[in-house]
Structures are given as C-alpha cells and as structure tokens.
Amino acid sequence: MIAGGRADAGGLNPLTLLTGAVVVVALTLLVDAWQFSAAVLAAVLVPALVLSGRHRRILAAAAAILLPTLLSIALINVFFYPEGREVLLAAGPVRITAEGTWFAVAMAFRLCVFVLAFLIFSFTVRAEHLTAALVARRWNPKAVYVLSAALRLAPDIASRAGDISAAQQARGLVIRGGAVSRGRALLMLLVPLVVGLLSDVDERARALEARGLGLPGPRTSLTEAPDSPAQRRFRRSALLLLLLFAVLWIGWRWLR
Amino acid sequence: MSHPFAATAKTDPAGRRRWLNWLGAALIVGTYVYLIATQPAEVAGGFGNPAGLVTLLGFLGGAVLLLVATLPALPTSTVVLLPVALALNVVVGQIVGTVGLPLYLDSIGTVLVAVLAGPAAGAATGALSNIVWALFNPTVLPFAAGAALIGFLAGWAARLGVFRRFYLAPIVGAVVGVFSGTIAAPIATFVFGGTSGIGTGAIVSAFRAMGDTLLAATTKQGLLSDPLDKAIVFAIVVFLVYALPPRIRTRFDFVRRYRVLAGRRSEETARPAKTGATQG
C-alpha cells in the first residue's frame, strides 16, 4: 500500500498511473452505461489488477469498501424506485421495478470502476515516488509536506491509538456496552492521543521552519520518480483526448 | 519563530488568493445549483448523461481551488497541524465506519484545526483530508468540498466565540451539519446512486418508499444524520480543546487573537506581549 511503499510500479511515474485512473473514471462517468463500465472493468481494470501483482490486497480493500455500498445501492434502488413503470414484483411498500434494477446495476458497475481504478493507483504507487513527482511538478512545498506527512503519520497514529487503548483497558476501562460507555471509551482514547500529537507538533514546526519550509523557490527531491518522454507524451495526449471526447460527447447529446 | 529569509516569502499576492477562493466557492455553489435545477431529468432520464462527472469535477475542482488559495498562505506552525488532523480524521473515521452506526465522526481533526487555527486552516484540512483518505477509500473523494465547508464554518463559529460555552458547541455543530448534509446529498445521488452505508441506505429507502425523488431522499437522510454527527463532533472537540494543557492551546495565534476559548485570566496574561488584540 501507498503508506508501506514496497511495491514497484515497473518504472511507471505516479502521475502516469494517476492519469490512467482519472481517464478511466472520467470516461465511465461520462458514457454512463453499464455495458461500457463492465467492458472497462473486464478489459482494463482486471488486467491492470493482475499486472499490479498485489491483486489480493487490492481486492480485499475493494471488497471492504464496495460491499456495504453495493448493498445500500441495491436496497434503495431495486426495492424502492417510485419512478419505475415496469413492476416486476410488488408486496406492501416494496416494488421491484425493471427501471430501478437497471439503475442499480449501472450504478454498481460504475462504482466498481471508480473504486478499483483509484485503489490500483494507490496500492501500486510508492509514497516517496509520489512526493518526488509532485516536487518535480513544482507543487507548493507545504502541500507536498502535508500529503507525505499524513501518509506516514496514519499508521503511526493508528498504532499509538492501539497502545493508548490497551493502556486504558489495563487500568480497568471497559469498552463494551451501551452508547454511553462506548462514548466514554472514545474520549478516554482521544484525549491522550490528541494531547500527545499536538505536543509533538511544536517541535516539528521549529525543525521545519529552521529548514526553510516557508521559503519560496524550487525544491530538489532526494529520491526521483521514474519517468520517460513516452510517459510524458502519454499523459499529455490522454488528457487531451479525454477533453476532446468530453466536448464531442456532451455536444452530441446536446444536439440530439 | 520566523526564518531570517521569510520576508521574501510574500511573493504570493493576496489578491490572487482571494480571487481563487471566490472562484472555488462559486464553483461548488454553482455545481450544487445546477444539480438541483436539472435534477428531475437527470435521475429519471436514465443513462448517458454527464451528471456524475459534473458533480465530481465541480465539487472536487472547487475544493482543490480552495486548497490552492489557502494552503500556501498558512504559517508553518499551522501547516504541521494539518497532517496530524488528517490522520486523526482518517483513523477515527475508519474505526467508526466499521461499527455500522449512521454516523461518520470523520471530521474531529478538521474541527479541531478550525478551532485552533481558524477558518482557512479548517477548510484546507477538510479538503485535504478527504483527498488523502481517498487513497485508502476512493468513495470519500467527491465529498471533499463538504469537508472543506465544515472546516470553514467551524472556524468562523470558533472566531465568533461559540467554543467559549460548552452547550453552544453542539448546537452550532448541528447547524453546520444542516449545511454539510445538504451539500453531500447530490454527490450521494449522482455519483453513487445511493449511500455508502447500510444504516444510511435504510433511511434513504424509507423516504423513497414514501415517493421522494432520490435527491430528496438523500437530502433528508443527510439532514437526519449530519446534524447529529456534527453535534457529537463539536461536543468531542470542545471537550478535547479544554483538556489540552494551557501551554499547547495558548500557543495558537488564532486562539489568543479572537479569544476562542473561555480562558482563565492567568493563561492570557502568561503571554503579555500578545494579549493586546484579545477582542476580535
């Protein structure tokens, strides 16, 4: 995963991967037909998943996100779709309509493309390559710092939260039970966590200020993201073609 | 604590940033108005329409413009707060997301930064936190504009003195929730065709069964869940900021300048040089 950063994207620049994900998602949202979404899923994302070499972890993460969302979409649209005319089954307030079912299918395929395309990006890219690519693109150093620091801090904070929770339980805090005791447990976790984190912040601010984070001008990165003229051409032409297609597609729908 | 060469850092003209800020806000509001105005045709009309892409581009683009406008102007002492708040949002949001309640509690870090460092910092935290979280869970990406709005409103609430009283914070939190619930509804509708959880999905289904449009149903669900969620978040944050040692909470210029917290006199006189502008 991006935070662990041990994957090698096979010499691909993070921005090339991101461009690919953006183009796939934008096209799917633009065309908005389940046949197209399914084709993208089968022809682009499944091969990309296999090539990434981390399909197990990506699929596990995708399933955790997609299952509740897909269930919610099915619950809402298959059973309750007041606009639907073609009723397949009606029982009490529940009306299964053909229109609602197709709407749910279209949304489900679209969502799968959306989630998988971005997860493949974030699971194959290396955090330090992403930072280096953004520095090379002359992004604001503060933005780059926030982005990379957050990615490194998230696992640290999660483990710190685990430690605090264990310590509180060791001195007799009960986490199970009703909403009140759960809420109390959350506060017992949050207060020491936030106090600890905020006292670290001051030290970090001094260190960064002393190293000139607020100064203007370009930065050089210690690591360099892999890149090639071919990839640069791909990124530029893919985005241009996407724009062209969007204009033509919307124009065509307008005229029809 | 400024760097000897920091004087040259002011190459970013404030006028351009203000312009970008307005542009970002206008893009978000414009997208919302467009979606509300064209809504009946878009959902019932079925497939092949760009409503999903318009929603994503409008809200995400607006949030990115707000970021470009606010982030470079923040002082280093605030910038270092952001990653901590971001990670806090994600970690707590992930923990709560797995419980199955129709709550999110994923804006504790955002509101905390807004209270300590002001509306601009709050908005930047909200927008960035959804962008970073999207690396683990892409479905939160389109909600970046709503998260920025929460941070911005929380910052203004803090500036107006809401956090000086314990009981005011949850009330104002609920009001902020009305705004964030309203702005999130078109995203749930046009990008996802529903909600991201089963608890919230059941609520939307109930409104749909009564014959509401999908947008109306998700808006009502947002108006049920969000005010409660934000009231809890604001209550937690007010608890957190008063639990902070005075050494930490008086360090923030915004807190001192607008007398954000009900301070004991001794705390404020501890830094006599900076207590001149206590009344905002």
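In the text below, chain A, chain B and the rest are named by the order of the sequence lines, each starting its count at 1.
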**Message:** Determine whether a donor-acceptor pair (N or O, by modelled atom type, separation under 3.5 Å) exists between the side chain of Asn77(A) and the backbone of Gly193(B).
**Reply:** yes
**Region of Leu88(B) that comes under 4.5 Å of a non-hydrogen atom in chain A** = both
**Beyond-backbone contact of Phe114(A) with Pro138(B), side-chain heavy atoms, under 4.5 angstrom** = yes
**Message:** Between Lys142(A) (side chain only) and Pro72(B) (backbone N and O only), is there a donor and an acceptor less than 3.5 Å apart?
**Reply:** yes
**Prompt:** So which heavy atom on Tyr145(A) is nearest to which on Val80(B), and how close?
**Reply:** OH-CG1, 3.9 Å
**Asked** Taking all atoms of both residues into account, what is the closest heavy-atom pair of Met107(A) and Thr189(B), and its distance?
**Response** CE-O, 4.1 Å
**Request:** Please examine the side chains of Tyr81(A) and Leu214(B), heavy atoms only from C-beta on, and report whether any two atoms are closer than 4.5 Å.
**Result:** no
**Request:** Please report the closest heavy-atom contact between Ala87(B) and Ala150(A), naming both atoms and the distance.
**Result:** CB-O, 4.4 Å
**Heavy-atom contact with chain A under 4.5 Å, split by part of Ile108(B)** = side chain
**Prompt:** Tell me, side chain or backbone of Leu67(B) under 4.5 Å from chain A's heavy atoms, or both, or neither?
**Reply:** neither
**Message:** Tell me the closest heavy-atom pair linking Leu75(A) and Ser205(B), and the distance in Å.
**Reply:** CG-OG, 3.4 Å
**Prompt:** Looking at Pro68(A), Ala64(A), Ala108(A), which has the largest count of heavy-atom pairs under 4.5 Å with chain B?
**Reply:** Pro68(A)
**Prompt:** Given a strict heavy-atom distance threshold of 4.5 Å, which part of Ile250(A) is in contact with chain B: side chain, backbone, both, or neither?
**Reply:** side chain
**Prompt:** Given that the side chain runs from C-beta out, which part of Leu86(B) has a heavy atom under 4.5 Å from chain A: side chain, backbone, both or neither?
**Reply:** side chain
**Item:** Leu116(A) versus chain B, the contacting section by heavy-atom distance below 4.5 Å
**Value:** neither
**Message:** Any non-hydrogen side-chain atom of Leu116(B) less than 4.5 Å from a side-chain atom of Leu198(A)?
**Reply:** yes
**Prompt:** Quick one: does Phe136(B)'s side chain get under 4.5 Å of Leu151(A)'s, heavy atoms only?
**Reply:** yes
**Asked** For the side chain of Arg110(A) and the backbone of Val191(B), is there at least one donor-acceptor N/O pair under 3.5 Å apart?
**Response** yes
**Request:** Please flag which part of Ile65(A) lies under 4.5 Å from any non-hydrogen atom of chain B: side chain, backbone, both or neither.
**Result:** side chain
**Asked** Looking at Ala243(B) and Val191(A), what are the two nearest heavy atoms and their distance?
**Response** CB-CG1, 3.7 Å
**Request:** Could you tell me whether the side chain of Leu111(A) reaches within less than 4.5 Å of the side chain of Thr139(B), counting heavy atoms only?
**Result:** yes
**Asked** Roughly how far apart are Asp32(A) CG and Phe190(B) CZ, rounded to 0.5 Å?
**Response** 11.5 Å
**Asked** Does the pair Glu209(A) and Ser77(B) meet the rule for a side-chain contact (heavy atoms from CB on, under 4.5 Å), with working shown?
**Response** CA-CA 8 Å; Glu209(A) 192 64 32; Ser77(B) 57; over 6 Å; no
**Item:** Structural part of Phe239(B) lying under 4.5 Å from a heavy atom of chain A
**Value:** side chain
**Prompt:** With only heavy atoms counted, which part of Leu244(B) is less than 4.5 Å from chain A, the side chain, the backbone, both or neither?
**Reply:** both
**Complete:** Under 4.5 Å to a heavy atom of chain A? For Leu57(B) that would be neither
**Item:** Between OG1 on residue Thr76(B) and CG on residue Leu208(A), distance to nearest 0.5 Å
**Value:** 7.0 Å
**Message:** Rounded to the nearest 0.5 Å, what separates atom OG1 in Thr200(B) from atom CD1 in Ile76(A)?
**Reply:** 7.0 Å
**Item:** Toward chain A, the part of Val90(B) with a non-hydrogen atom under 4.5 Å
**Value:** neither
